[in-house]
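What follows is a set of notes on a single structure, which appears directly below.
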Amino acid sequence: TARAAAQAAIAGWGASRMGIAWSDRRGASSWPAIGHRVAVGAGLGLVCAMAVVGTSLVARAAVVVPGEASLGVLIVGLFVALLGAVRDELLLRGVVVRATRLLPVGATLAACGLAAAAARFGSEGKINMALVLEALRGVAFGALWIRDRGAWMACAANAVWTWTMGPVVGGGLLDVRFAAAQSAGASSYVAYVVLAVAAAGASFYAMRAPSTPGQGT
């Protein structure tokens, strides 16, 4: 937890030095506006996670085993998921979106996917299906950055996805046991594709809309 907090703090400091804003739209920094953006992002992350778990249970690639819920695991897990989301979104999406702001949206999304896959490869050193899934997740969250013109929605989606797929279904609330890592990957592939296509479509629509004073990139 301490390491995640330090990494999130360093990422936040570096992003601010690069001019990466959490809100690039005029009026989007009010608390009601931030709350709305967080709620939308959290909802997307939750729907995606529930789609993965639900698909796996229906396909009998996972089962729910008896267990006791743990409030402590849920609270600590949420805190760590939030810190990790801030770190990853600012570094792997915020920096990339900022660096490719003059390129077409498709190039920015592709760069976000490549950055996410590269980070996964750097931590594991393996070429497998997980790199494809991570790239799709990078594209989806990158699209949320472009659609939202800021970090709130993407960070919320990332944190809720990580929290739900980790502590919530890993024993904190439910104890879901996947039959094999390949089964979880196959199920999550569908959810990643749906989220990536939906978010990318929304980002293209947002970029085609007329710009207003105060909007940044």
Side-chain angles (χ1 to χ4, degrees), residues 8 11 15 20 22-25 36-56 81-101 103-124 128-166 168-169 184-209 217:
I20 299 172
W22 281 74
S23 299
D24 281 348
R25 298 177 295 171
H36 174 74
R37 298 161 71 189
V38 168
V40 171
L44 289 173
L46 180 61
V47 167
C48 184
M50 289 296 95
V52 173
V53 176
T55 301
S56 300
L82 288 170
L83 293 174
V86 170
R87 175 199 63 205
D88 292 345
E89 291 308 314
L90 291 178
L91 290 180
L92 299 180
R93 258 71 70 182
V95 172
V96 174
V97 171
R98 177 72 175 177
T100 60
R101 63 189 183 279
L103 298 178
V105 173
T108 297
L109 296 179
C112 288
L114 289 174
R120 182 63 176 259
F121 178 77
S123 63
E124 295 186 352
N128 50 28
M129 186 63 179
L131 294 181
V132 177
L133 301 179
E134 198 66 26
L136 288 172
R137 190 169 72 150
V139 170
F141 290 144
L144 291 183
W145 268 85
I146 297 173
R147 177 65 179 86
D148 189 44
R149 301 184 69 86
W152 291 106
M153 190 179 293
C155 280
N158 190 333
V160 171
W161 160 266
T162 303
W163 183 58
T164 304
M165 293 301 296
V168 172
V169 301
S187 301
S188 62
Y189 181 82
V190 177
Y192 279 143
V193 169
V194 171
L195 181 58
V197 171
S203 69
F204 275 100
Y205 176 78
M207 294 301 290
R208 290 174 63 88
T217 53

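A quick note: this is a predicted structure, and the numbers were derived from the prediction, not measured. Hydrogens, waters and symmetry mates play no part in the numbers below; they use all other heavy atoms, side chains included.
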- line: The side chain to side chain contact (heavy atoms under 4.5 Å, CB included) partners of Val40 (sequence neighbours excluded) come to His36, Leu44, Met153
message: Rounded at 0.5 Å granularity, tell me how far CH2 in Trp161 sits from CE in Met50.
response: 9.5 Å
message: Is it the case that the side chain of Thr164 and the backbone of Ala49 share a donor-acceptor pair, with hydrogens and angles ignored and the cut-off at 3.5 Å?
response: no
- prompt: Going by the side-chain hydrogen bond (donor to acceptor under 3.5 Å, both in side chains) test, which pairs reach into residues 40-54, not counting sequence neighbours?
  reply: none
- line: All heavy atoms of Phe121 vs all of Leu131, minimum pair found to be N-CD2, 3.6 Å
statement: Correct closest heavy-atom pair for Ala107 and Leu103 would be CB-CB, 4.0 Å
query: Where do Glu89 and Ala154 come nearest, in terms of heavy atoms and distance?
result: OE1-CB, 3.5 Å
task: Could you walk me through whether Phe141 and Leu136 pass side chain to side chain contact (heavy atoms under 4.5 Å, CB included), step by step?
output: CA-CA 9 Å; Phe141 290 144; Leu136 288 172; over 6 Å; no
statement: On a heavy-atom basis, the closest approach of Trp152 and Trp22 is CD1-O, 3.4 Å
query: Roughly how far, to the nearest 0.5 Å, is CZ of Arg101 from OG1 of Thr108?
result: 10.5 Å
message: Test: salt bridge (Lys or Arg N to Asp or Glu O under 4.0 Å). Region: residues 106-120. Which pairs qualify, not counting sequence neighbours?
response: Arg120-Glu124, Arg120-Glu134
- request: Using modelled atom types only, decide if a donor and an acceptor are shared between the side chain of Arg93 and the backbone of Leu90 within a distance under 3.5 Å.
  value: no
- prompt: When rounded to the nearest 0.5 angstrom, what distance separates CZ in Arg87 from CG in Leu82?
  reply: 12.0 Å
- line: Scanning both residues in full, the closest heavy-atom pair of Ala159 with Ala81 reads O-CB, 3.6 Å
statement: Heavy-atom nearest pair, Ala85 first then Cys155, reads CB-O, 3.5 Å
statement: Separation between CG (Leu109) and OG1 (Thr100), nearest 0.5 Å, reads 8.5 Å
query: Are the side chains of Trp163 and Val169 in touch, meaning some heavy atoms are under 4.5 Å apart?
result: no
task: Check step by step if side chain to side chain contact (heavy atoms under 4.5 Å, CB included) holds for Met165 and Val53.
output: CA-CA 8 Å; Met165 293 301 296; Val53 176; 4.0 Å; yes
query: In this structure, which one of Val139, Val97, Val95, Leu92 forms a side chain to side chain contact (heavy atoms under 4.5 Å, CB included) with Cys112?
result: Val97
